[in-house]
Number of protein chains: 2
Amino acid sequence: MTRLPPENLARAVAPDNPMAVWRQAGFDPHDCPVRNILDHIAAKWTVLILLELHLGPQRFNGLLRALPDISRRMLTQGLRDLERDGLIDRTVFDTRPPAVEYRLTPLGQSLMGPLLALVGWSTDHGQVIASARARFDSAADAA
Amino acid sequence: MTRLPPENLARAVAPDNPMAVWRQAGFDPHDCPVRNILDHIAAKWTVLILLELHLGPQRFNGLLRALPDISRRMLTQGLRDLERDGLIDRTVFDTRPPAVEYRLTPLGQSLMGPLLALVGWSTDHGQVIASARARFDSAADAA
DNA sequence: GAGTGCAAGTCTCAGATAGAGACTTGATCG
DNA sequence: CGATCAAGTCTCTATCTGAGACTTGCACTC
């Protein structure tokens with residue numbers, strides 16, 4: 001609780017902020033590029049799938065074993081989404097029983113740079129965030 | 001459908017891949033750092049909230065106007081999550097009626113680098129992804 | 001002093017989504 | 001004949017999301 005009135009919340013003109021650019025460009029909220037693309041990339045399981053495939057090509061059951069608490073249904077769906085977006089390739093081998101291999105496409109590879117940077121940030125700041133959470137939760141309990 | 005049997009799916013030893021590091025460190029799937037932290041950062045609305053706050057401090061109803069199709073409920077929840085993680089600050093001014101201002105903390109600021117890189121990647125490759133999707137969907141229709 | 005407005009939420013309910021795990025398919029093994 | 005394996009699909013329930021009505025406390029108008 002502060003007494004300063006919140007006058008003049010000046011919006012910075014941040015030339016590197018996509019939000020500012022989109023707004024100038026007309027910004028149709030139903031075609032928001034972040035939501036359209038990042039919603040897939042950053043969905044619950046896709047980051048893990050991409051990290052695992054970054055280690056090398058992998059098969060369906062291999063991914064299932066590598067990502068211990070993903071369900072088959074969610075793995076299938078995540079793989080389909082990534083394939084649809086052109087980030088991974090799906091190859092069927094006609095062995096018996098058939099095997100299916102997933103691997104990153106060049107487009108998928110090109111995503112790994114930014115994605116690993118973000119994952120790196122989150123592991124770098126994991127402790128700080130954990131203690132922020134603990135502080136917030138104990139303040140909430142006190143209230 | 002290919003005829004090469006998928007033998008020896010050698011897992012690359014990628015020293016920069018967090019997955020490999022975690023696995024060596026014991027990797028408790030229920031304490032997965034990516035999911036714990038990225039699930040919040042990369043949740044449906046938080047990226048948009050962070051981008052908007054990167055333009056400058058903003059109040060509740062201001063965010064509601066800025067992010068046209070977010071609901072009050074989801075905005076409240078997203079802001080709470082970000083506050084709990086220490087990425088944004090919430091300040092109440094005792095004007096009448098009271099005003100509440102949200103702004104990035106230094107920790108939140110430090111996230112913007114990697115996050116903007118990822119958003120940049122997604123806008124850079126938006127066209128490629130859109131056409132990959134169109135190709136995938138028309139192939140599915142054909143089948 | 002009754003009515004209206006405002007900021008920043010909370011509440012409720014319906015519909016969408018995620019997860020657990022049983023089932024499918026076709027060929028090969030005991 | 002029955003079991004097994006890979007790569008899914010199907011079903012059913014539990015959880016989550018979104019729309020939007022409602023709340024609270026004060027100030028301002030009539």
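Every chain is numbered from 1, with letters handed out A, B, ... down the list of sequences.
Residue A:Asn61 contributes atom CG, which lies 16 Å from atom P of D:dT4 at whole-angstrom precision. Here C:dT10 presents its C1' atom at 13 Å from CG of B:Leu75, a figure rounded to the nearest Å. In this entry the distance linking CG of B:Asp69 with C1' of D:dG20 reads 15 Å, nearest Å. As a whole-Å value, the separation of A:Glu83 CD from D:dA7 P is 14 Å. The distance between atom CD of A:Glu101 and atom P of D:dG8, rounded to the nearest whole Å, is 12 Å. One interatomic measurement links the two molecules: CE of A:Met74 to P of D:dA14, which rounds to 17 Å at whole-angstrom precision. Atom P of nucleotide C:dT10 and atom CG of B:Leu64 are separated by 13 Å, given to the nearest angstrom. A:Leu67 places its CG atom 17 Å from the C1' atom of C:dA20, with the value rounded to the nearest Å.
The side chain of A:Arg59 places an N or O atom within less than 4.0 Å of a non-bridging phosphate oxygen (OP1 or OP2) of D:dA7. Listed pair A:Tyr102 / D:dA6 fails the phosphate criterion, with no side-chain N or O lying under 4.0 Å from OP1 or OP2. Contact annotation: A:Arg73 does not reach the phosphate of C:dT17 (side-chain N/O to OP1 or OP2, under 4.0 Å). Taking only side-chain nitrogens and oxygens, B:Arg96 never comes nearer than 4.0 Å to OP1 or OP2 of D:dC28. The side chain of A:Lys44 places no N or O atom within less than 4.0 Å of a non-bridging phosphate oxygen (OP1 or OP2) of C:dT17. Between B:Trp45 and D:dG18, a side-chain N or O to OP1/OP2 separation shorter than 4.0 Å is present. OP1 and OP2 of C:dT10 both lie 4.0 Å or more from every side-chain N or O belonging to B:Gln77.
For the side-chain contact (heavy atoms from CB on, under 4.5 Å) with A:Met19, the lone residue among B:Leu50, B:Leu51, B:Val119, B:Leu53 that qualifies is B:Leu51.
One finds the CG atom of B:Leu87 at 10.0 Å from the CE atom of B:Met112 (value rounded to the nearest 0.5 Å).
No donor-acceptor pair under 3.5 Å is formed between the side chain of B:Ser122 and the backbone N or O of A:Leu38. Using modelled atom types, one side-chain atom of B:Trp121 and one backbone atom of A:Ser110 make a donor-acceptor pair closer than 3.5 Å. Judged by distance alone, the side chain of B:Thr46 and the main-chain N or O of B:His40 form a donor-acceptor pair under 3.5 Å.
For the pair A:Pro97 and B:Ser71, nearest-nucleotide mapping onto DNA chain D gives the more 5' position to A:Pro97. DNA chain C is contacted by both B:Arg65 and B:Thr76; B:Arg65 maps to the nucleotide lying nearer its 5′ end (nearest heavy atom per residue).
The side chain of B:Ala99 sits closest to C:dA8 out of C:dA20, C:dA8, D:dT17. For B:Arg90, the side-chain atoms get nearest to C:dG9 when compared with the rest of C:dG9, D:dA7, D:dA19. Closest approach to the B:Phe60 side chain among D:dG18, C:dA7, C:dG9 is made by C:dG9 (side chain taken as heavy atoms from C-beta onward). Nearest nucleotide to the side chain of A:Arg72, out of D:dG18, C:dA7, D:dT9: D:dT9.
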Item to check | Test side-chain contact (heavy atoms from CB on, under 4.5 Å) applied to B:Leu64 and B:Leu75, step by step | outcome: CA-CA 7 Å; B:Leu64 217 50; B:Leu75 179 57; 3.6 Å; yes
